[in-house]
Each structure stands twice: as structure tokens, then as C-alpha cells.
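In what follows, a structure is listed as C-alpha cells, so that the remarks can point back to it.
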Amino acid sequence: MPTGVRRWARRVPGRTDGADSRRGIMKTTTVKELFRGDYTALLGRQVTVAGWVRTRRVSKGFGFIELNDGSFFKNLQIVFDENLSNYEAISRVALGAALRVEGEVVESPGAKQAFEVKAGRIDVVGDSQPDYPLQKKRHTFEYLRTIAHLRPRTNTFTAIFRMRSLLAQALHDYFHRHNFVYVHTPIITASDCEGAGDMFRVTTLDINNPPRDEQGHVRFGEDFFGREAYLTVSGQLAVEAYCMNFGKVYTFGPAFRAENSNTPRHISELWMIEPEIAFADLADNMDLAEDMLRSVIGRILEDAPEEMDFFGKFIDEGVRQRLEHVCASDFARITYTDAVMELEKSGHTFEFPVHWGMDLQTEHERFLTEKIFGKPVFVTDYPKEIKAFYMRLNDDNRTVAAMDLLVPGVGELIGGSQREERHDVLRRRIREMGLPEEPYWWYLDLRKYGGTPHAGFGLGFERLVMYVTGMKNIRDVIPFPRVPNYAEF
RNA sequence: UCCUCCGUAGCUCAAUCGGUAGAGCAAUCGGCUGUUAACCGAUGGGUUGUAGGUUCGAGUCCUACCGGGGGAGCCA
């Protein structure tokens, strides 16, 4: 098998990291190697690069092509002249075309780059067309959404999606370093008891002619799973089961919300990170959330300086400073009760006046994190009536051990709680919330057999990407967004 | 789902009080021996989102629908 694998790897026509190319697996040099390695060592050397034309500038007898091979944020400048046998074709090559370039690494006389590649040969691997929809100018994000299959080729989306990948990797690394076990909770769930809003139905029944009983009700007993099934809205309940063995666990997967919400912060198909820790209370939970965020943000500031510079320059001027501030200072913590008091005494007139017992409105959340604290803030211990049944009831009997993390610009980034570990209290809460007890039999079992205090939270991954990049619309931080009335691509 | 704003060339936008469609970029052709969203010149490009209505006349006013942005609710 190793031989087969090696043979396959050698034939893969993609780009690889620097190390691979030096080991001779790939025949091409990556743009990243040139920028991040010591390019002076490569001066005068012949290299082969393969990538796509970002822009092209042609004078009489010579021209420049900026090539991007996906390995690095910046483009490699290719210089070519009439000595090329196919000079005429290359000088009119359309934007977006895929090229393989053989040439010499040379110092660049231009001011904007230290080096460039003087082409000895350029092959057009994949031609493009004059009607290539991406132009050498700024497009609106709205327009780019209509060409979501091409937008990764723009500077902005190149930066966003490398950042998205780095963030995912950084999160996995963080949990791995801290001995969390990564659990794959089910995507399809057979109960609609997850309690987080409307769900998408999963069925193989003929929806135009489903089997019905005498009363006309659909007989879901004849459906694929022998009962009603849905796409999950959260992996939390399931991951709690694994928490009671591994102690520290997390999920990182898709969740689906069929809510008809139409805002720059909501999508129907999203990715969530949900850690769950045993023998832990709400304070431990906040410590984890804070340490995790600080760790991954510090990591991407180090690993993606070019992308961060770009976001600061073109997307959100203050983004880098904001993130550095997050790494350097503690998050604020305030109880819901104190937050309501702070808002009341702020003297600010809100559209919805605050009073104890109400859920905080977006305007209140923003005021707290942006005006009062100016940094991320945990709001804890909400009234039990406005929170989920599984959150642990506090001794005051009117609040639960919940926490929301509010951050400037994005709003709620994390929602979590200490879970109710007392079997009798949990049963009572289920009843109080008007929920049926039966579907929760296994969830209640977890409290029966060695249940411990435990806590966890959900981090909306897209909202984290928004926070880190400064992007204002969630549809622009996921490759192909799904929202009400829209599932193109 | 509600409120609000918008829809004009491939893209980004302009068009005064209702008076008959315009620019930059892109494309095409030409020029330019070091460009950097290259530059200079020329050419082509429109059922003004759709369907009705008011008017001598509608991109402009009215109605409905479709699509998009922002805000709210719900939440991550």
C-alpha cells in the first residue's frame, strides 16, 4: 500500500507545501516558498510555478502577469517578453487562465516586490474567456455572492477562506493540546427535542402522496427511520453522553436552522463548535471559552499577517487592534441582574426599555459590549424563563447558570451554560417548560448513572470568522451560504 | 415574518421640476522598452427587474409581483 500511496501522491497535479516540493514530491515551486522562504537562495535558479492569472499588464514587446497559486495571499509577478514562442497568445491571455510557468527567479527592479520570475516558457494549462466576471477593480459583496463559485479567486475571499481554514485548524489544535476528545454527533436526529427552533424534516416519503391514517395524518411509521426525523440544530445533548466518559469533549460540525430569519448574522446551514467539560461549573466554562478564544486569535495573528493586514486595510480598519486587545486583556463578566442595572443607570434611551425578566435586545447587548465595556463580556445567570430547560437552576430559584459571550461588532458569539445534573430538578424543569419527558429518557439516564456537574457552550464558527476578519455579512464567510429562499450552487 | 431603502450597459454608478440614456472600468482594435486597479487613443455595447396604470410624454409618479441591502424578531 505505501507504494501505491506514493505513486498516487506523485501524480496529484495540485500544489503542496514548501516542504513537499523540496523533498521532490512535486515538480513545482509554490509562491509561498518564494515569499516565506529565503528567496535570495533561489535567485538565479530555474523554477516551475503553476497558478492562475490575477492581472496582466502588457507593453510593446513585454508584459507582466500576476500569478496566484493559492499557496499564499500575495501574487507572484511573472515577467515575459517576445522571446517566448507563444508571446502573442500570452500577452492576450484572459484573466483567470491557468498557467504553468518555467523561469528564473530574479531581483525585481519594481518597487512593490523584491523578486519576480523571468519566464522562459509559459504553458496555458486552462484558458479563460474575455467575459471572465471578475474584473481588476472592486466588486460589491452582493455581486460576488451571485458568482459564489468564482469569488474565492478575489483577494478578499482568498483571505477570508484561508482564515476560516486556519481558525478551524487552530481550534482543533487547541482542543487536542488540552486532551479533548473530538466527537462526531449525528447530523440526522429522530427527535425534535433539541429545543433550538425550527428544524428541517428528513424524509423519503413521497411528499405529494404520503401514506395517511384514517384521520388523514401522515403515517411516519412508514418513513425511512420508522419515525419522524430532522436535521440536527445542535450536537450538545448527544455530546453530553460522551462527556460522561471522556471528561472533556467537543463537536465541530454542521447544524441546521429552518428559522425564517433574514439578517447578516444568520444562515440556515452553519458550523458550530461545542465543547463540554465534566466536573466543571459555569466559571470553569467561561475560563475555557476565554482561553480558547484568546489562543486561536493569537494563533491566527501570528500565522496570517498578510491576511490580517488586508482586512485592516480594506475591510475593517480596527480589526487587528481589536484582536490584539482581546489577547491582552481579560474578558468582562457580569450577571444579567447587574447588566440590567447598568443599562438602567446608563441614562441611555433604548427603543425597548430594560427591565428585569426580559431577554436582552440586540441594542442592549451592543451597548453593553461596545459602550459600557468596550471588549468581550460574559453575561451570566439569566432568568430561568428565557433560557433552555437543561441549564442548571441557581439557588435563588429564579435564574439559571447560563452565559452568553457578547463581542463588539458581532453580538452573541457564544452561548453556554452549566447543565442541570440533578435528575429530579431536570425532570421538573422539563415539565415546567411544557416539554414531553419521554424523548429525554436517555438524557435523564446520564444524570442517573454517575452524572456530574458539567458545563459547555456553543460557538458559532461563522460568527468567529466574522469577528476575526471584520466581515459584516455571515453569507460572505461561508463558501456557499444557505438562507431562506436561496440555495444556489 | 415585520419595518425601511434600493433595482439604469458585463461591473460600479450618474441622469435637475416628468421632456426621450451618460461616465469610469471591462470588452474589441491600435499605441507605448519596467508595469503595480499600468497608461494614451478609438470602437461597439441599453425592452432602465417584471406586469399593469396615470400622462401629450415615465428611468423618474401610482399598484402588484420578483430580486437585493439595512434594521427588528429568533438565535450561534
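Bear in mind that the values here come from a model prediction, so they are computed numbers and not experimental data. Below, chain A is the first sequence line, B the second, and so on; all start at residue 1.
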Between [N] and [M], how many Å separate the two [atom1] atoms, rounded to a whole number?
N: B:rA51; M: B:rU8; atom1: P; result: 16 Å
N: B:rA64; M: B:rC3; atom1: P; result: 12 Å
N: B:rU4; M: B:rC62; atom1: P; result: 14 Å
N: B:rA9; M: B:rG71; atom1: P; result: 26 Å
N: B:rC13; M: B:rA26; atom1: C1'; result: 14 Å
N: B:rG52; M: B:rC39; atom1: P; result: 44 Å
N: B:rC40; M: B:rU35; atom1: C1'; result: 15 Å
N: B:rC6; M: B:rG22; atom1: P; result: 24 Å

Taking only N and O in the side chain of [X], is any of them less than 4.0 Å away from OP1 or OP2 of [N]?
X: A:Thr140; N: B:rG69; answer: no
X: A:Lys112; N: B:rA37; answer: yes
X: A:Arg475; N: B:rG69; answer: yes
X: A:Gln361; N: B:rA72; answer: no
X: A:Lys60; N: B:rC32; answer: yes

Identify which nucleotide among [options] has an atom closest to any side-chain atom of [X], counting heavy atoms from C-beta outward.
X: A:Lys137; options: B:rG34, B:rC11, B:rA72; value: B:rC11
X: A:Ser108; options: B:rG34, B:rU12, B:rC75; value: B:rG34
X: A:Glu259; options: B:rG69, B:rC74, B:rG34; value: B:rC74
X: A:Arg92; options: B:rG68, B:rC29, B:rC75; value: B:rC29
X: A:Gln135; options: B:rA26, B:rC74, B:rA37; value: B:rA26
X: A:Tyr143; options: B:rG34, B:rG67, B:rG10; value: B:rG10

Which whole-number value in Å describes the distance from [X] [atom1] to [N] [atom2]?
X: A:Asn473; N: B:rG71; atom1: CG; atom2: C1'; value: 13 Å
X: A:Arg151; N: B:rC11; atom1: CZ; atom2: P; value: 17 Å
X: A:Asn260; N: B:rA72; atom1: CG; atom2: C1'; value: 13 Å
X: A:Arg366; N: B:rG73; atom1: CZ; atom2: P; value: 12 Å
X: A:Ile147; N: B:rG10; atom1: CD1; atom2: P; value: 14 Å
X: A:Lys118; N: B:rG34; atom1: NZ; atom2: C1'; value: 11 Å
X: A:Arg56; N: B:rG34; atom1: CZ; atom2: P; value: 18 Å
X: A:Glu88; N: B:rC29; atom1: CD; atom2: P; value: 10 Å

Report yes or no: is there a donor-acceptor pair, N or O only, under 3.5 Å between the side chain of [X] and the base of [N]?
X: A:Arg463; N: B:rC75; result: yes
X: A:Arg257; N: B:rA76; result: yes
X: A:Glu66; N: B:rU35; result: no

Run the salt-bridge test on A:Arg392 and A:Asp281 with the 4.0 Å N-O cut-off and return the result as yes or no.
no
Item to check | Sidechain N-carboxylate O distance under 4.0 Å for A:Arg57, A:Glu66 | outcome: yes
Describe the nucleic acid contact of [X] in one word from base, sugar-phosphate, nothing, applying a heavy-atom distance below 4.0 Å.
X: A:Gly61; value: nothing
X: A:His139; value: sugar-phosphate
X: A:Glu351; value: nothing
X: A:Thr146; value: nothing
X: A:Ile474; value: base
X: A:Ala111; value: base
X: A:Pro264; value: sugar-phosphate
X: A:Arg138; value: base
X: A:Glu142; value: sugar-phosphate
X: A:Phe64; value: base
X: A:Pro109; value: base
X: A:Glu116; value: base
X: A:Arg54; value: nothing
X: A:Leu134; value: nothing

Paired with A:Arg333, the salt bridge (charged side-chain N to carboxylate O under 4.0 Å, His left out) test is passed by just one of A:Asp404, A:Asp381, A:Asp287, namely A:Asp287
Per nearest nucleotide of RNA chain B, the residue lying toward the 5' end, A:Val58 or A:Ile386, is A:Val58
So ring pair (Phe, Tyr, Trp, His ring centres under 6.0 Å) across residues 468-488 of chain A, not counting sequence neighbours, yields A:Phe480-A:Phe489
Value for OG1 (A:Thr232) from CZ (A:Phe256), rounded to nearest 0.5 Å, stands at 8.5 Å
Looking only at heavy atoms, the pair that brings A:Val407 and A:Pro376 closest together is CG1-CB, 3.9 Å
- Message: Can you tell me if A:Arg320 has over 12 outside heavy atoms packed within less than 6.0 Å of its CZ?
- Response: yes
query: What do you reckon, are the aromatic ring centroids of A:Phe252 and A:Phe461 less than 6.0 Å apart?
result: yes
**Prompt:** Taking the six-membered ring for Trp, are A:Phe180 and A:Tyr250 parallel (under 30°), tilted (30 to 60°) or perpendicular (over 60°)?
**Reply:** perpendicular
Taking only distance into account, with no hydrogens and no angle test, what donor-acceptor pairs under 3.5 Å do side-chain atoms of residues 156-167 of chain A form with protein atoms, sequence neighbours excluded?
from: A:Thr158; atom 1: OG1; to: A:Arg54; atom 2: NH2; distance (Å): 3.0
from: A:Thr158; atom 1: OG1; to: A:Pro152; atom 2: O; distance (Å): 2.9
from: A:Thr158; atom 1: OG1; to: A:Thr154; atom 2: O; distance (Å): 2.8
from: A:Arg162; atom 1: NE; to: A:Glu307; atom 2: OE2; distance (Å): 2.9
from: A:Arg162; atom 1: NH1; to: A:Gly70; atom 2: O; distance (Å): 3.3
from: A:Arg162; atom 1: NH2; to: A:Gly70; atom 2: O; distance (Å): 3.2
from: A:Arg164; atom 1: NH1; to: A:Glu462; atom 2: OE2; distance (Å): 3.1
from: A:Arg164; atom 1: NH1; to: A:Val477; atom 2: O; distance (Å): 2.8
from: A:Arg164; atom 1: NH2; to: A:Glu462; atom 2: OE2; distance (Å): 2.9

B:rU4 -> Watson-Crick or G-U wobble partner, both distances under 3.5 Å, gives B:rG69
If pairing means Watson-Crick or G-U wobble with both distances under 3.5 Å, then the partner of B:rC61 is B:rG53
